[in-house]
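For reference, the structure is listed below as structure tokens.
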Amino acid sequence: DIQMTQSPSTLSASVGDRVTITCRASQSISSWLAWYQQKPGLAPKLLIYKASILESGVPSRFSGSGSGTEFTLTISSLQPDAFATYYCQQYNSYPYTFGQGTKLEIK
Amino acid sequence: QVTLRESGPALVKPTQTLTLTCTCSGFSLSTSGMCVSWIRQPPGKALEWLARIDWDDDKYYSTSLKTRLTISKDTSKNQVVLAMTNMDPVDTATYYCARIPPTYLPSHAFDIWGQGTMVTVSS
């Protein structure tokens with residue numbers, strides 16, 4: 001199985017900050033990567049797929065990049081509703097696997 | 001409006017079989033390219049993909065759980081069913097179903113998720 005490792009596990013930031021979350025795959029997954037946002041008690045929400053394609057309705061302050069084994073999710077200017085947990089997911093091969101999550105907290 | 005809704009028992013005993021149903025609305029499971037997966041999340045932990053079923057009845061399973069899982073669909077009811085045998089307390093989790101739309105293929109990202117159903121395994 002492909003292992004997905006996110007860093008950091010926890011990130012403290014302030015409204016207006018620019019933040020970056022990294023996701024590394026244990027082997028190349030080309031660009032077959034998605035990012036999700038999850039708030040407490042709710043289902044995950046798709047933000048980005050194929051590493052850099054923004055899901056419809058997601059604000060443009062979210063962006064994704066990378067290919068192969070290293071990927072990033074960047075939020076250009078943090079808004080209050082962005083404080084949540086973020087997961088990456090690879091779908092290059094079965095079984096699909098998720099990262100362990102990055103919790104974005106208010107500083 | 002596209003929605004998925006999970007249903008099933010909130011409590012099961014160890015060794016029992018769990019059966020969960022995902023009722024889909026606003027789209028058809030028979031549409032070419034349509035896929036539905038089950039994903040679970042233990043309390044306070046990360047997401048874990050379990051299984052996927054496609055419009056043409058192809059099925060895929062988690063490596064570690066494949067001997068315990070069976071995924072199926074009823075196109076007349078537009079439902080996807082997941083059965084998990086030999087339940088254990090470590091299987092306590094929120095179980096989600098989620099859709100992979102044909103318009104995203106070959107990307108297998110989950111665009112719409114159900115609200116999830118919490119299942120506790122305890123005697």
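- Heavy atoms closer than 4.5 Å to chain A are found nowhere in Leu50(B), neither backbone nor side chain.
- Of all heavy-atom pairs between Ala34(A) and Ala109(B), the closest is CB-CB, 4.0 Å.
- One hydrophobic cluster holds both Leu78(A) and Phe62(A) under the rule that ILVMFWY side chains link at heavy-atom gaps under 4.5 Å.
- Side-chain heavy atoms closer than 4.5 Å link hydrophobic residues (I, L, V, M, F, W, Y) into clusters, and following such links, even through other members, never connects Ile48(A) to Ile53(A).
- Here salt bridge (charged side-chain N to carboxylate O under 4.0 Å, His left out) pairs that include residues 57-71 of chain A, with residues two or more places apart or in two chains, are Arg24(A)-Glu70(A), Arg61(A)-Asp81(A).
- For Arg18(A), there are no salt bridge (charged side-chain N to carboxylate O under 4.0 Å, His left out) partners at least two apart in sequence or on another chain.
- Both Val15(A) and Ile106(A) sit in one connected hydrophobic cluster of ILVMFWY residues. Membership requires side-chain heavy atoms under 4.5 Å apart, directly or through other members.
- Hydrophobic clustering, with ILVMFWY side chains joined whenever heavy atoms are under 4.5 angstrom apart, keeps Phe98(A) apart from Ile2(A).
- Comparing Pro95(A), Pro44(A), Gly99(A) by how many heavy-atom pairs each has under 4.5 Å with chain B, the most go to Pro44(A).
- Heavy-atom pairs under 4.5 Å with chain A peak, among Ala51(B), Pro106(B), Ala98(B), Gly116(B), at Pro106(B).
- Val90(B) forms part of no hydrophobic cluster, judged by ILVMFWY side-chain heavy-atom separations under 4.5 Å.
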Between chain A and chain B, which N or O donor and acceptor atoms come closer than 3.5 Å?
unit_1	atom_1	unit_2	atom_2	d
Asp1(A)	OD1	Thr63(B)	OG1	3.1
Tyr36(A)	OH	Phe110(B)	N	2.9
Gln38(A)	OE1	Gln41(B)	NE2	2.9
Gln38(A)	NE2	Gln41(B)	OE1	2.8
Gln38(A)	NE2	Tyr96(B)	OH	3.3
Leu42(A)	O	Tyr96(B)	OH	3.4
Glu55(A)	OE1	Tyr104(B)	OH	2.2
Glu55(A)	OE2	Tyr104(B)	OH	3.0
Tyr87(A)	OH	Gln41(B)	NE2	3.2
Tyr91(A)	OH	Ser107(B)	OG	3.1
Tyr94(A)	OH	Arg52(B)	NH1	2.5
Tyr94(A)	OH	Arg52(B)	NH2	3.3
Tyr96(A)	OH	Arg52(B)	NH1	2.5
Tyr96(A)	OH	His108(B)	ND1	2.7

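- Grouping the Ile, Leu, Val, Met, Phe, Trp and Tyr side chains by contacts below 4.5 angstrom, directly or via other members, places Val58(A) apart from Val2(B).
- When heavy atoms are compared at a cutoff of 4.5 Å, Ile100(B) approaches chain A solely by way of its side chain, counted from C-beta outward.
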